[in-house]
Amino acid sequence: MSLRKDKEKVLGEIFDEERIKTFLEFTAPSGVNADFHLLEKAYRGMRGENFATFVRLFKEAGRDLNAVGPEGKTFLQTIKTHRNGEEYALPLISAGAI
């Protein structure tokens with residue numbers, strides 16, 4: 001079974017700085033810290049190299065790298081338990097996340 005043309009997976013999407021900045025515009029669901037939500041959206045939607053750029057822009061925008069999510073952990077604490085989280089954790093640590 002093949003996917004319809006309008007449902008094909010997009011590969012090689014270009015994440016220039018302007019595209020990465022759009023991840024600062026997402027609205028968090030009710031009850032979720034806005035900064036934690038933005039970090040999570042970027043983590044789920046970007047490669048590690050793009051996430052590092054996002055972290056820089058996030059910090060420059062005055063956002064909170066140590067925002068706590070619904071489970072009472074910072075985003076860094078959350079992704080440290082992920083099998084492939086190290087590539088994403090390093091720019092957070094470099095930017096001062098705990």
Side-chain angles (χ1 to χ4, degrees):
M1 174 194 288
S2 66
L3 295 173
R4 291 188 344 219
K5 184 145 182 82
D6 65 333
K7 299 296 181 195
E8 288 180 10
K9 186 174 182 178
V10 177
L11 298 175
E13 181 178 359
I14 297 172
F15 273 83
D16 61 11
E17 195 162 301
E18 289 306 309
R19 171 70 173 109
I20 293 169
K21 282 180 184 178
T22 66
F23 279 76
L24 293 169
E25 301 169 6
F26 289 108
T27 302
S30 179
V32 177
N33 179 287
D35 290 341
F36 185 91
H37 178 70
L38 293 177
L39 289 165
E40 184 174 46
K41 288 289 278 189
Y43 170 71
R44 295 185 183 281
M46 296 179 187
R47 293 183 183 155
E49 63 204 48
N50 303 124
F51 186 75
T53 301
F54 174 79
V55 169
R56 177 180 54 81
L57 295 170
F58 184 86
K59 190 171 178 179
E60 287 173 1
R63 300 295 196 147
D64 182 8
L65 288 170
N66 297 309
V68 176
E71 296 174 2
K73 297 179 182 178
T74 67
F75 190 70
L76 178 59
Q77 290 169 332
T78 301
I79 66 169
K80 278 186 169 183
T81 65
H82 295 179
R83 185 181 57 184
N84 297 318
E86 183 177 355
E87 181 179 9
Y88 296 84
L90 291 174
L92 288 168
I93 293 166
S94 294
I98 54 172

K.L.:
Is a side-chain donor or acceptor of Asp35 paired with a backbone partner of Ala67 at a separation under 3.5 angstrom?
P.N.:
no
K.L.:
Could you report the tightest heavy-atom contact between Asn66 and Gly96, atom names first, then the distance?
P.N.:
ND2-O, 3.9 Å
K.L.:
Taking only residues two or more places apart in sequence or in another chain, which ones pass salt bridge (charged side-chain N to carboxylate O under 4.0 Å, His left out) with Lys41?
P.N.:
none
K.L.:
Should the pair Phe54 and Phe58 be assigned to parallel (<30°), tilted (30 to 60°) or perpendicular (>60°) ring geometry?
P.N.:
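Correct class here is tilted.
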K.L.:
Does any donor atom in the side chain of Arg19 or Thr22 lie under 3.5 Å from an acceptor atom in the other side chain?
P.N.:
yes
K.L.:
So, for Glu87 and Glu49, which heavy atoms are closest and what is the spacing to 0.1 Å?
P.N.:
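Scanning both residues completely, I find the closest heavy atoms to be OE2-N, 3.9 Å.
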K.L.:
Can you label the angle between the Phe36 ring and the Phe75 ring as parallel, tilted or perpendicular, going by 30° and 60°?
P.N.:
perpendicular
K.L.:
Do any N or O atoms from the side chain of Thr81 and from the backbone of Gln77 form a donor-acceptor pair under 3.5 angstrom?
P.N.:
no
K.L.:
Quick check: closest heavy atoms across Val32 and Pro70, and the distance to 0.1 Å?
P.N.:
CG2-CG, 4.2 Å
K.L.:
Step through the shown structure and confirm whether more than 12 heavy atoms of other residues, nucleotides or ligands are within 6.0 Å of CD on Glu60.
P.N.:
yes
K.L.:
State whether the side chain of Lys80 and the backbone N or O of Ala89 hold a donor-acceptor pair below 3.5 Å, judged by distance alone.
P.N.:
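Side chain of Lys80 to backbone of Ala89, a donor-acceptor pair under 3.5 Å: no, none is there.
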K.L.:
Indicate yes or no: at least one non-hydrogen side-chain atom of Leu65 is less than 4.5 angstrom from one of Thr74.
P.N.:
no
K.L.:
For the residue pair Gly85 and Tyr43, what are the closest heavy atoms and their distance?
P.N.:
CA-OH, 4.3 Å
K.L.:
Looking only at the side chains, is there a donor atom on one of Tyr88 and His82 sitting less than 3.5 Å from an acceptor on the other?
P.N.:
no
K.L.:
Please give me the minimum heavy-atom distance between Thr27 and His37, naming the atom from each residue.
P.N.:
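Minimum heavy-atom separation between Thr27 and His37: O-NE2, 3.4 Å.
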